[in-house]
Protein chains: 2
Amino acid sequence: MKADSVHDFASIIRGRRHELGLTQAALADRAGVSRKWVHELEGGKPTAELGLVVRTLHALGLELDVRDPTSVPGDRQSVDLDEVLRRHGADG
Amino acid sequence: MKADSVHDFASIIRGRRHELGLTQAALADRAGVSRKWVHELEGGKPTAELGLVVRTLHALGLELDVRDPTSVPGDRQSVDLDEVLRRHGADG
DNA sequence: CTCCTTTGTCACCGATCGGTGACGTGCAGT
DNA sequence: ACTGCACGTCACCGATCGGTGACAAAGGAG
């Protein structure tokens with residue numbers, strides 16, 4: 001599940017929480033954060049601390065991955081650095 | 001690439017930055033953050049803001065994924081909620 | 001309608017984030 | 001030795017984080 005923005009995190013987390021039948025309070029408890037924070041995260045708060053997000057994801061049984069979208073299996077191993085920089089540099 | 005902790009982010013980001021031949025300053029510039037922040041992130045700062053992390057990842061041409069480790073392709077589609085909660089609840 | 005649960009929201013607060021500007025170190029080239 | 005670059009680190013600062021405690025709205029059940 002691609003999480004390109006903080007809003008993606010928001011929906012993923014909220015969805016997963018519902019899947020597991022957890023309340024915000026229950027999730028907050030499991031993740032060791034406050035209910036208010038869970039509420040804000042599910043609202044797409046961009047300033048949420050990385051560590052807390054990771055903990056919350058784990059509390060939901062989810063895992064975080066970092067991928068290189070340009071490394072297509074069977075295509076090639078390395079990347080066009082210029083290409084990458086070009087695409088992400090100015091305006092994508 | 002699994003990022004289970006903020007330290008994983010640290011090494012992934014630092015490694016990728018080197019792959020691309022970018023300096024901390026250059027990356028900071030591309031991501032719209034300060035060089036100090038990049039330095040701290042690469043040091044494993046757990047309080048780094050999610051939004052900035054996402055921006056930095058994008059500036060490195062990387063993508064963030066959220067996965068359910070229990071959903072093995074070809075095994076089954078859904079999850080044992082109890083199982084998940086049990087594993088992540090007490091002590092994993 | 002009443003009770004209960006869940007969620008959205010508020011004010012208040014100490015602690016800390018991230019930016020800026022600067023300085024010292026280590027390394028490479030000349 | 002001297003110059004230049006990348007990096008680590010520092011003090012300072014306004015802005016904001018996340019926690020706490022409390023209250024109101026929304027939804028279901030009797």
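With sequence neighbours left out, the side-chain contact (heavy atoms from CB on, under 4.5 Å) criterion links B:Ser11 to no other residue. Among residues two or more places apart in sequence or in another chain, the side-chain hydrogen bond (donor to acceptor under 3.5 Å, both in side chains) test is passed with A:Gln24 by A:Glu42. In terms of the side-chain contact (heavy atoms from CB on, under 4.5 Å) criterion, residue partners of B:Val6 (sequence neighbours excluded) are, by chain and number, A:Leu50, B:Pro46. Contacts of B:Asp29 classified as side-chain hydrogen bond (donor to acceptor under 3.5 Å, both in side chains), with partners at least two apart in sequence or in another chain: none. Take B:Ala10 and apply the side-chain contact (heavy atoms from CB on, under 4.5 Å) test, not counting sequence neighbours, and it matches no residue.
The backbone N or O of B:Leu60 lies less than 3.5 Å from a partner atom in the side chain of B:Arg16, making a donor-acceptor pair.
From the 5' end on, the contacts that DNA chain C makes with chain B at under 4.0 Å to a non-hydrogen atom open and close at C:dC17 to C:dA22.
A rotation axis mapping the C1' atoms of four pairs onto the next four is fitted at both ends of the helix from C:dC1-D:dG30 to C:dT30-D:dA1 over five pairs, and the angle between these axes is 50° to 10 degrees.
Comparing B:Lys36 and A:Leu52 against DNA chain D, the residue whose closest nucleotide sits nearer the 5' end is B:Lys36.
Applying the salt bridge (charged side-chain N to carboxylate O under 4.0 Å, His left out) test to residues at least two apart or on different chains, the pairs with a partner in residues 55-64 of chain A are A:Glu63-B:Lys2, A:Glu63-B:Arg67.
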Distances under 3.5 Å between nitrogen or oxygen atoms of protein and nucleotides 6-8 of chain D:
residue : atom : partner : partner atom : Å
D:dC7   : OP1  : B:Arg17 : NH1          : 2.8
D:dC7   : OP1  : B:Arg17 : NH2          : 3.4
D:dC7   : OP2  : B:Gln24 : N            : 2.6
D:dG8   : OP1  : B:Arg14 : NH2          : 3.2
D:dG8   : OP2  : B:Arg14 : NH2          : 3.2
D:dG8   : OP2  : B:Gln24 : NE2          : 2.6
D:dG8   : OP2  : B:His39 : ND1          : 2.9
D:dG8   : N7   : B:Arg35 : NH1          : 3.3
D:dG8   : O6   : B:Arg35 : NH2          : 2.8

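Contact of the B:Val66 side chain with the A:Leu64 side chain is registered, since non-hydrogen atoms from C-beta on lie closer than 4.5 Å. At least one side-chain heavy atom of B:Leu41 sits under 4.5 Å from a side-chain heavy atom of B:Ile13.
From A:Leu20, atom CG reaches atom CZ of A:Arg30 across 8.5 Å, with rounding to the nearest 0.5 Å.
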